[in-house]
Amino acid sequence: LINHPGPNVDDGIKKGCRNDLFNMLLMNLSEKREDVTGRFGLGFKSVHLLSRRVSIASHFVSCRIKGGMLPEAWAEGRELSVRRSAHGRPATVIEVEIDPEGHEDVGRALADFTQAAPWLPAMSRSVRHIEIDASGDWSAEFCELDAQRIRLVSFGGRGFGHALALDLGEETTLFLPLDMQGPVAAPEGLPRLWLLAPLAEVLSVGWLMNGRRFRVDPGRGRLAGSETERQGMFAEFGRTLGLRLVELHDLVTQHWAVLAERAGLSDRSEDRGTQGFLRSLDRLLAKDQGDPLASQLHGKDR
């Protein structure tokens, strides 16, 4: 609940939970720690770029927001929060009024969301299932393989398919989408770099990377730091990626039957299947050489 300290009142107050609404409405402020989504106090403000009016009902907190900053009493909100209760607990309801015909950016925003939605459950810290009334659902399940730092991601709902998740350390994961033959480039137009949500950085690569500790600019759209700093970061990722690729080679060549069955690969024959997989992987990573940032993953003698 908004402004509620949680089960441990003293701990919740120390974390600033009593000031949730205040922080949501005030510009350039966030009490969140490094392990929580959000950093610059822009998340709730961005909703108003598309909505005429946003209303919040969270038990005793009930208001409509004007201009993205000013709360106004919403008498019906408390009843709505109680009516949507689950297991005796009042719900937090955020009502966003959007007129598809009244804003030129609405269609683009919905299209971007629909494209990103299948990957959101895989990029999140803990949310693995998204369901939208009358629109469908998306889910992601991480499955262990015969490899220490590589997992299989199985997508469900509208995001059906598979991917391999390679752990690069520092809470950074590189995802290799799979088709029935092996690694394949992610769809065109889908952002390649994520910090739980997609960033606006454009990379000419086929994989996706989720860096939960990426430093980003105040708009949360681009990586922060100089070009040299960003290239150095990817060079460090490249050293770990080399270890993961060796591990992936061993997984493919030594445990092919299990991988093929779990990932839905079409060619189950060990010889042709493994060679086809590795050729697809090679084609996918070769795209990195044409990108100034991604090419840093594959430095000298790598």
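Computed from a prediction, not measured in an experiment: that's the story for all the values here.
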Would one find more than 12 heavy atoms of other residues, nucleotides or ligands at under 6.0 Å from atom CD of Glu227? yes
Check: residues 113-122 side-chain donor-acceptor pairs under 3.5 Å, at least two apart:
from, atom 1, to, atom 2, distance (Å)
Thr114, OG1, Leu110, O, 2.8
Gln115, NE2, Glu188, O, 3.2

Is there a donor-acceptor pair under 3.5 Å between the side chain of Lys45 and the backbone N or O of Met24? yes
If you round to the nearest 0.5 Å, how far is CD of Gln254 from CG of Leu251? 8.5 Å
What's the separation between atom CD in Gln181 and atom OG in Ser266, rounded to the nearest 0.5 Å? 4.0 Å
Is there a side-chain contact between Trp207 and Lys287 (heavy atoms, below 4.5 Å)? no
Under the side chain to side chain contact (heavy atoms under 4.5 Å, CB included) rule, what do His4 and His59 come out as? Steps first, then yes or no, please. CA-CA 9 Å; His4 193 285; His59 205 196; 5.8 Å; no
Which distance, rounded to the nearest 0.5 Å, do you find between the CG of Leu176 and the CG of Leu245? 8.0 Å
Could you go step by step and tell me if Phe44 and Val54 meet the side chain to side chain contact (heavy atoms under 4.5 Å, CB included) rule? CA-CA 10 Å; Phe44 186 66; Val54 179; 3.8 Å; yes
Looking at His48, is its backbone amide N or carbonyl O close enough to the side chain of Ser51 to form a donor-acceptor pair, meaning the two atoms are under 3.5 Å apart? no
Pairs satisfying salt bridge (Lys or Arg N to Asp or Glu O under 4.0 Å), at least one member in residues 247-260, at least two apart: Arg244-Glu247
Name all pairs fulfilling the ring-ring contact (aromatic ring centres under 6.0 Å, His included) condition that reach into residues 224-244, sequence neighbours left out, sorted by first residue then second. Phe234-Phe237
Got a donor-acceptor contact below 3.5 angstrom from the Glu236 side chain to the Gly232 backbone? no
Set of salt bridge (Lys or Arg N to Asp or Glu O under 4.0 Å) partners for Arg78, sequence neighbours left out: none
Any chance you could measure Ser295, atom OG, to Asp288, atom CG, to the nearest 0.5 Å? 8.0 Å
Scan the side chains in residues 137-153 for donor-acceptor partners under 3.5 Å anywhere in the protein, sequence neighbours excluded, and list what turns up.
from, atom 1, to, atom 2, distance (Å)
Asp137, OD2, His129, NE2, 3.4
Ser139, OG, Gly156, N, 3.4
Arg149, NH1, Asp167, OD2, 3.4

Given the rule that I, L, V, M, F, W and Y join up when any side-chain heavy atoms are under 4.5 Å apart, are Met209 and Leu196 in one cluster? yes
Do Val96 and Ile94 come within less than 4.5 Å of each other through their side chains, counting heavy atoms only? yes
Backbone N or O of Leu193 within a donor-acceptor pair of the Asn210 side chain at under 3.5 Å? no
Kindly say whether Glu229 contributes a backbone atom to a donor-acceptor pair with the side chain of Ser226 at under 3.5 angstrom? yes
Arg64 bridged to Glu95 by N-O distance under 4.0 Å: yes
For Arg53, check salt bridge (Lys or Arg N to Asp or Glu O under 4.0 Å) against everything at least two apart and list the hits. Glu97
Any chance you could pull the hydrophobic cluster mates of Trp74, using side-chain heavy atoms under 4.5 angstrom and chaining through other members? Leu80, Val93
Would Phe155 and Leu190 show up in the same hydrophobic cluster when neighbours are defined by side-chain heavy atoms closer than 4.5 Å? yes
pair Arg192-Glu201: side-chain heavy atoms closer than 4.5 Å: no
Assigning hydrophobic clusters by single linkage (Ile, Leu, Val, Met, Phe, Trp, Tyr; side-chain heavy-atom cutoff under 4.5 Å), is Leu25 placed with Ile2? yes
Can you tell whether the side chains of Arg279 and Asp282 come within less than 4.0 Å, N to carboxylate O? no
Sub-3.5 Å donor-acceptor pair from the side chain of Arg212 to the main-chain atoms of Ser124, do we have one? yes
How long is the span from the OG1 atom in Thr172 to the CE atom in Met233, to the nearest 0.5 Å? 8.0 Å
For the residue pair Leu178 and Pro183, establish whether any side-chain heavy-atom pair is separated by less than 4.5 Å. yes
Could you walk me through whether Arg18 and Asn3 pass side chain to side chain contact (heavy atoms under 4.5 Å, CB included), step by step? CA-CA 4 Å; Arg18 288 289 196 193; Asn3 282 8; 5.6 Å; no
Sequence-distant partners of Glu76, salt bridge (Lys or Arg N to Asp or Glu O under 4.0 Å), two or more places apart: none
If you count heavy atoms of other groups shown closer than 6.0 angstrom to NE2 of His249, is the number above 12? no
Grouping I, L, V, M, F, W and Y whenever their side-chain heavy atoms are under 4.5 Å apart, do Leu297 and Leu278 come out in a common cluster? yes
Heavy atoms, side chains only, cut-off 4.5 Å: are Thr173 and Leu168 in contact? no
Rounded to the nearest 0.5 Å, the CZ atom of Arg222 sits from the CG atom of Leu199 at a distance of 9.5 Å
Checking Ser204 now: which residues fulfil side-chain contact (heavy atoms from CB on, under 4.5 Å) with it, not counting sequence neighbours? Asp291
In sequence, state the C-alpha distance, the side-chain angles, and the governing distance for Leu164 and Phe175, and then conclude on side chain to side chain contact (heavy atoms under 4.5 Å, CB included). CA-CA 6 Å; Leu164 291 175; Phe175 292 89; over 6 Å; no
State, to 0.1 Å, how close Ser81 and Ala91 come at their nearest heavy-atom pair, and which atoms those are. OG-O, 2.6 Å
Counting neighbours of CD on Glu79 that are heavy atoms of other residues, nucleotides or ligands and sit closer than 6.0 Å, is the number greater than 12? no
Give every donor-acceptor pair under 3.5 Å between a side-chain atom in residues 65-73 and any protein atom, sequence neighbours left out.
from, atom 1, to, atom 2, distance (Å)
Lys66, NZ, Glu72, OE2, 3.2

Counting N and O atoms only, with roles assigned by atom type, does the side chain of His162 sit under 3.5 Å from a partner on the main chain of Ala263, one being a donor and the other an acceptor? yes
Do Leu265 and Phe277 come within less than 4.5 Å of each other through their side chains, counting heavy atoms only? yes
Holding to salt bridge (Lys or Arg N to Asp or Glu O under 4.0 Å), I want the full list of residues that pass it with Arg158, two or more places apart in sequence or in another chain. none
Is it the case that over 12 heavy atoms from other parts of the model lie below 6.0 angstrom from the CZ atom of Arg108? no
Side chains of His255 and Leu259: does their closest heavy-atom pair fall under 4.5 Å? no
Apply side-chain hydrogen bond (donor to acceptor under 3.5 Å, both in side chains) to Asp20 and list each qualifying residue two or more places apart in sequence or on a separate chain. none
Leu208 side chain near Met123 side chain, heavy-atom distance below 4.5 Å: yes
Just by modelled atom types, is the Arg89 backbone N or O under 3.5 Å from a matching donor or acceptor in the His87 side chain? no
Are Val216 and Trp194 connected in a single hydrophobic cluster, I mean Ile/Leu/Val/Met/Phe/Trp/Tyr linked by side-chain heavy atoms less than 4.5 Å apart? no
